[in-house]
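Below is one structure, written out as structure tokens; the observations come after it.
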Amino acid sequence: MHGTLQAALAIHLLGGPEQRAAWLPSLSTGTFSATTCLWSARDAAVIAPLLRARPAADGSWRLSGTADFVSDADIADHIVVSGADAVVERTVGFVVPLAAAGVHADALPLMGGHRAFRVRFDDVEVADRRAVLAGPAGTGLADHDLRRVANAAVALLSLDLVGVGEAALQRTVDYTVARRQFGRPIASFQAAQHLVANMHIALAAARLAAHSAVFWIGRGRTATRETAIARMHAAAAAKSITLDAHQLHGGMGYVIETDLHLFSERARVLSTLGGGADVAATWLEEEA
């Protein structure tokens, strides 16, 4: 879902009326699924194109290069990717079928069952002009537009982290209410109550920060500052909440039958995609 949503946002923000009409209805109804590779998985501030795009006389393009850490490339139908024009100094976006000739996806091992791939483009032809995102005047994609797309992805993943934290917190509350020790529920002990209160406070701050980032991006701003704050809060909250959840579950928190590890592993992956809290702190330095 995240990949398709990010691809739709990229086409909406980077494409024109022709591209939007061609792709957005199918993406929004689920006819097509998609993924993106428009920014670095290590640092979303790095938006330099990874591919070499060579225009042909007939209006088609040829793409060559490699894109790393592409999510869900095994199940998506299309990928939205950027390339550096080999003739004119500009960045151009493309919507490419992952089943196209010359596209090869190799799985990369990641934690928590997260699917990521290295996608190679070996002289891949893009002939449909509706699949080319070249900016309003055809002069290429602006850096601030690409950064806005990247920030939107990070902000939405921060909201996903909020959901992970919320699920872990609710499971922890349910467990501490049901689990009895020394003749009473462990939720009645003040030490457990303090931990749960801290989890709730961290989650509330992360939710507000993520909502702020999404709000301002939706209103046309690049919102790098808000996105950085959202990532920093969400990553910190996800880490503290999942660790405290394991502690309050006691020995049950360290066996796979509880499923708590699924939330911890997802939190760890989502906290690093596009850059962790330490990377997000450098975005604040940029804004300052």
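Since the structure is predicted, the reported quantities are computational estimates derived from the model, not experimental observations.
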Main-chain N/O of Gly65 paired to Arg52 side chain as donor or acceptor, under 3.5 Å: no
side-chain contact (heavy atoms from CB on, under 4.5 Å) assessment of Ile79 paired with Thr35: CA-CA 5 Å; Ile79 181 172; Thr35 187; 4.0 Å; yes
Worked verdict on Glu286 versus Arg225 for salt bridge (Lys or Arg N to Asp or Glu O under 4.0 Å): CA-CA 9 Å; Glu286 295 175 13; Arg225 178 177 181 274; over 6 Å; no
side-chain hydrogen bond (donor to acceptor under 3.5 Å, both in side chains) partner of Ser33, the single match among Asp72, Asp77, Thr4: Asp77
Separation between OG1 of Thr227 and CZ of Arg221, rounded to the nearest 0.5 Å: 9.5 Å
Pair His233-Ile229, side-chain contact (heavy atoms from CB on, under 4.5 Å): steps then yes or no: CA-CA 6 Å; His233 272 291; Ile229 294 171; 3.5 Å; yes
Phe121 reachable from Val126 in the ILVMFWY side-chain graph, under 4.5 Å edges: yes
Closest non-hydrogen atom pair between Glu287 and Thr224, with its separation: OE2-CB, 3.6 Å
From CA spacing to verdict: side-chain contact (heavy atoms from CB on, under 4.5 Å), Asp160, Arg266: CA-CA 10 Å; Asp160 197 333; Arg266 182 167 180 81; 2.7 Å; yes
Members sharing Leu260's hydrophobic cluster (side chains within less than 4.5 Å): none
Verify same cluster id: Val124, Val119 (apolar side-chain graph, 4.5 Å): yes
Note, Ile11 side chain near Leu27 side chain (heavy atom, < 4.5 Å): yes
Side chains of Trp39 and Val149 in contact at under 4.5 Å (non-hydrogen atoms): yes
Between OG1 on residue Thr172 and NE2 on residue His249, distance to nearest 0.5 Å: 5.0 Å
Neighbour count above 12 (heavy atom, 6.0 Å) for His261 NE2: yes
In one Ile/Leu/Val/Met/Phe/Trp/Tyr side-chain cluster, 4.5 Å: Leu108, Val103: no
Verdict with reasoning, Asp122 to Arg120, per salt bridge (Lys or Arg N to Asp or Glu O under 4.0 Å): CA-CA 6 Å; Asp122 297 329; Arg120 292 179 291 112; 3.5 Å; yes
For residues 40-51, which side-chain donor-acceptor pairs fall under 3.5 Å, sequence neighbours excluded?
residue : atom : partner : partner atom : Å
Ser40   : OG   : Arg42   : N            : 3.1
Ser40   : OG   : Asp43   : N            : 3.4
Asp43   : OD1  : Ala45   : N            : 2.9
Asp43   : OD1  : Trp283  : NE1          : 3.0

Cluster link Leu169 to Val162, ILVMFWY, side chain under 4.5 Å: yes
Thr272 side chain vs Val269 backbone, donor-acceptor pair below 3.5 Å: yes
Minimum-distance pair of heavy atoms, taken over all atoms of Ala155 and Val214: CB-CG2, 3.9 Å
Non-hydrogen atoms of Ala73 and Phe117 that approach each other most closely: N-CD1, 3.6 Å
Flag for Thr29-Thr31: side-chain donor and acceptor within less than 3.5 Å: yes
Test item: Leu98 and His78 side chains (from C-beta on) under 4.5 Å apart, heavy atoms: no
Beyond-backbone contact of Thr258 with Tyr175, side-chain heavy atoms, under 4.5 angstrom: no
Arg54 and Asp123, any side-chain heavy atoms less than 4.5 Å apart: yes
Side-chain donor-acceptor pair present, Ser264, His246, cut-off under 3.5 Å: yes
For the student: nearest non-hydrogen atoms of Ala230 and Ala213, plus distance: CB-CB, 4.1 Å
Spacing of His104 atom NE2 and Asp106 atom CG [to the nearest 0.5 Å]: 8.5 Å
Arg148 CZ to Leu9 CG distance, which is reported to the nearest 0.5 Å: 9.0 Å
Leu284 side chain near Met232 side chain, heavy-atom distance below 4.5 Å: yes
Any side-chain heavy-atom pair of Leu38 and Val80 under 4.5 Å: yes
Neighbour count >12 (heavy atoms, 6.0 Å) for atom CZ, Arg20: yes
Connected via hydrophobic side-chain network under 4.5 Å: Trp23 and Leu146: yes
Neighbour count >12 (heavy atoms, 6.0 Å) for atom CZ, Arg268: no
Arg171 vs Asp259, side-chain contact (heavy atoms from CB on, under 4.5 Å): CA-CA, chis, key distance, verdict: CA-CA 10 Å; Arg171 281 171 172 257; Asp259 287 344; 4.0 Å; yes
Closest heavy-atom pair and its distance - Leu141, Gly135: CD2-N, 3.6 Å
Donor-acceptor pairs under 3.5 Å, side chain of residues 183-193 to any protein atom, not counting sequence neighbours: which ones?
residue : atom : partner : partner atom : Å
Ser188  : OG   : Pro185  : O            : 2.6
Gln193  : NE2  : Ala187  : O            : 3.0
Gln193  : NE2  : Ser188  : O            : 3.4

Test item: Ser212 side-chain N/O and Leu208 main-chain N/O as donor-acceptor pair under 3.5 Å: no
Pi-cation contact, Phe215 with Arg219 (under 6.0 Å, within 45°): yes
Minimum heavy-atom distance between Ala167 and Phe263, given as atom pair plus value: CB-CE2, 3.3 Å
Residue pair Thr91 / Asp85, side-chain donor-acceptor N/O under 3.5 Å: no
Nearest-0.5 Å distance that lies between atom CD1 in Ile217 and atom CG in Leu13: 9.5 Å
Any donor-acceptor pair under 3.5 Å from Gln19 side chain to Val132 backbone: yes
Asp143 side, atom CG; Thr222 side, atom OG1 - distance, nearest 0.5 Å: 10.5 Å
Heavy-atom side-chain proximity of Gln6 to Leu157 below 4.5 angstrom: yes
